[in-house]
Amino acid sequence: MSDDTARPQDPKEPRARGSDHCVVLGASIAGLFAARVLSDTFDRVTVVDRDALPELDENRRGVPQGRHAHAILPAGTRGLQEMFPGLLEEFEAAGIPVVREPTEMHFAPGGHLLCQEGRYADPTPTYQPTRPQLEGQVRARVRESPGVEIIDRCEAAELLSTPDGTRVTGVRLVERGGGAERELTADLVVDATGRGGRAARWLADLGYEPPREDRIAVDIKYVSRTLRLPPGALGRRKVVIVGAEPGRPTGATFLQHEQDRWMLTLIGYGGHHPPTDPADFLEFAKPIVPSDVFEALCAAEPLDDPVAHRYPASVRRRYERLGRFPDGLLVFGDAICSFNPVYGQGMSVAALQAAALRESLDRGRDRLPYRFFRAAARKIEVAWQMAVGSDLALPQVEGDRPLQVRLTNAYFERLLNAAERDPALTQEFVKVSSLLSSRALWDALRRVETLEPAAKGS
Ligand SMILES: Cc1cc2nc3c(=O)[nH]c(=O)nc-3n(C[C@H](O)[C@H](O)[C@H](O)COP(=O)(O)OP(=O)(O)OC[C@H]3O[C@@H](n4cnc5c(N)ncnc54)[C@H](O)[C@@H]3O)c2cc1C
């Protein structure tokens, strides 16, 4: 077992079920991962979402990001493998593209095209379902887990608690449409309602301090559209990711989802937002992607209109630093930490939080919130440092740049520079950005010290 991902479990493993009950608010990726882990410990788990949940892989209002490119990093892939055995094999059997070799990926973070020679040191491949496909399949698996019920079209409005507010005892729900109210009592309520989650406000209502928020105002805009490309139009490449760089605060992700169906997402930081007009959208891609990719885009058949999504700021809520917190409540997923999506970390960090939840539950339920928030914060830390550091390398992003950030960014610049020609250094960088191990970042930075001055590019 890896130290950073959830332990393998058989979801069908029989166990005696009594009446202890957990309610998970939010049936998106984080809520579903949490429900999967909790169903091994709680007799009953009820997952609640305010959206009408589609049968399988359709977009829905509560997850507008589903219309944009979503990549799962290897840490997330391992989490999926461990929580939902067989799911990835089903994706592959259904023809969903799988990236196994560096030649299948054009990855250019921070202005450096990483070396496409050699083999990935970690054997975990990258699977490329669409976001609705992934969520739909995970939801179907969670729905089948013993003791789990998923209720849709119900909005969580308020927490129920003991009169002194020291324990959360359930949640008040309002049905969408009719407006009827109902109360669900629970031994544990988990808020997984995303970056707009209400836990901080609910805490204040119960007389607790809300958590401190760390924020990086990135002012990102995503514009995406689905395209049909003839098979083989990009040779062996199944994914093209070009990150922003200091002289060009824009980027692109082009992902193959089916044999001939690809998603193009263009991004831009404040003042450099991509347009939604189809012709301008294509022009915007020209200085970002390699010329042969641009030619393929021009020849591709659009399958929908460009859609936009604004993302104002990365937000990390420091629940682990609170001295007082009620029993019977946890916060999970983006509701704790919402990352600038260009680094593709959110779902993988949700899988790491699921591993933290499992580890915390393995030690019982006493002081669970405190133990879980500390364990989750350790999993979040490296991803947050990576995202914030990369954003602050762009002069367009406002924020303090303490010495540690400047040094780390200078080291990464050297590492990426040398990685353009060196498969081993490319592996170091991929290991860090995969979130597979919290030690990889420090190993990679140490590795820079061993580079010849010429290889450092300075
Ligand atoms: C544009 C964009 C692109 C992204 N790309 C990637 C990527 O490439 N890779 C990656 O790993 N991550 C990516 N992410 C992040 C990823 O989508 C999230 O990290 C992931 O969905 C987990 O979030 P979550 O489940 O905590 O919250 P969300 O996905 O936001 O879901 C919240 C859920 O709560 C429900 N809800 C909200 N309020 C209530 C309420 N009061 N009562 C009941 N239900 C409620 C909503 O309907 C929704 O289902 C991206 C995000 C964005 C915005």
Side-chain angles (χ1 to χ4, degrees), residues 23-35 46-54 59-77 79-80 126-132 134-135 138-139 150-159 171-176 184 189-199 201-202 218 220-224 239 241 251 253 255 263 265-267 307-315 317 331-354 376 380 383 387 433-435:
V23 174
V24 178
L25 307 175
S28 177
I29 288 293
L32 294 170
F33 286 178
T46 307
V47 187
V48 178
D49 204 283
R50 66 181 173 194
D51 266 6
L53 297 173
N59 279 301
R60 60 189 178 91
R61 193 163 165 225
V63 183
Q65 68 267 36
R67 296 181 184 275
H68 303 272
H70 260 65
I72 323 168
L73 304 177
T77 307
L80 288 171
T126 305
Y127 294 77
Q128 298 188 167
T130 61
R131 163 66 199 235
L134 176 62
E135 187 182 308
V138 166
R139 187 167 60 241
I150 301 182
I151 301 176
D152 65 357
R153 283 175 275 214
C154 271
E155 176 151 5
E158 191 181 40
L159 294 177
V171 60
R172 191 166 59 79
L173 303 176
V174 179
E175 285 179 16
R176 298 202 91 174
L184 280 183
V189 174
V190 179
D191 175 13
T193 54
R195 61 179 276 125
R198 299 188 197 167
R201 210 189 68 210
W202 285 334
V218 286
I220 292 270
K221 186 171 179 186
Y222 267 57
V223 180
S224 304
V239 53
I241 301 175
T253 297
L255 278 180
M263 181 180 286
T265 288
L266 302 180
I267 66 110
V307 285
H309 184 89
R310 283 290 282 275
Y311 182 91
S314 301
V315 178
R317 302 190 174 104
V331 185
F332 199 89
D334 280 20
I336 301 185
C337 188
S338 161
F339 299 89
N340 177 350
V342 303
Y343 306 110
Q345 297 168 318
M347 300 189 298
S348 298
V349 173
L352 295 176
Q353 289 184 37
I380 289 168
S433 55
S434 303
L435 306 179

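One-based numbering, in listed order, for ligands and for the atoms of each. All residue numbers refer to positions in the sequence shown, counting from 1. Please read all numbers here as calculations on a predicted model, not as lab measurements.
At a 3.5 angstrom cut-off on N or O pairs, Ser28 counts as close to ligand 1. On a distance-only criterion, Arg195 and ligand 1 share no N/O pair closer than 3.5 Å. Checked against a 3.5 angstrom limit, the closest N/O atoms of Asp49 and ligand 1 fall inside it. At least one N or O atom of Ala156 sits closer than 3.5 Å to an N or O atom of ligand 1. At least one N or O atom of Gln65 sits closer than 3.5 Å to an N or O atom of ligand 1. Of the polar atoms of Gly333, none of the N or O atoms is found under 3.5 Å from an N or O of ligand 1, judged by distance alone.
With Arg195 contributing its side chain and Ala313 its backbone, the two residues share a donor-acceptor pair below 3.5 Å. Of the possible polar contacts, one joining the Arg198 side chain to the Ala156 backbone as a donor-acceptor pair under 3.5 Å is found.
The residue from Ala71, Ala27, Gly346 that puts a heavy atom closest to atom 7 (C) of ligand 1 is Ala71. Remark: among candidates Tyr222, Phe332, Phe339, the nearest residue to atom 1 (C) of ligand 1 is Tyr222, based on non-hydrogen atoms. Proximity annotation for atom 34 (O) of ligand 1: of Thr193, Ile336, Leu173, Asp334, Thr193 comes nearest, heavy atoms only.
With ligand atoms numbered from 1 in the order given, ligand 1 contributes 16 (C), 17 (O), 20 (C), 21 (O), 29 (O) to contacts under 4.0 Å with heavy atoms of Arg131. Each of the atoms 24 (P), 25 (O), 26 (O) of ligand 1 lies under 4.0 Å from some heavy atom of Ala30. Using a 4.0 Å cut-off to heavy atoms of Cys154, the atoms of ligand 1 that qualify are 43 (C). The distance from ligand 1 to the heavy atoms of Ala69 drops below 4.0 Å at these ligand atoms: 5 (N), 8 (O). Distances below 4.0 Å separate heavy atoms of His309 from the following atoms of ligand 1: 1 (C), 53 (C). For ligand 1 and Arg198, the ligand atoms under 4.0 Å from any heavy atom of the residue are 41 (N).
Under a 4.0 Å heavy-atom criterion, Ile29 is in contact with ligand 1.
Note: Asp191 CG to Thr193 OG1 = 3.5 Å, rounded to the nearest 0.5 Å. Note: Arg131 CZ to Met263 CE = 11.5 Å, rounded to the nearest 0.5 Å. Residue Ser433 holds its OG atom at 9.0 Å from CD of Gln345, rounded to the nearest 0.5 Å. Taking CD from Gln128 and OG1 from Thr126, the interatomic distance works out to 7.0 Å, rounded to the nearest 0.5 Å. In this structure, the separation between CG on Leu255 and OG1 on Thr130 is 10.5 Å, given to the nearest 0.5 Å.
If you check which protein heavy atom lies closest to atom 11 (O) of ligand 1, you get Met347 N, 2.7 Å. Protein heavy atom at the shortest distance from atom 14 (N) of ligand 1 is His70 NE2, 3.4 Å. The protein heavy atom nearest to atom 44 (N) of ligand 1 is Arg50 N, 3.2 Å.
At a heavy-atom distance under 4.0 Å, no atom of Arg61 approaches ligand 1.
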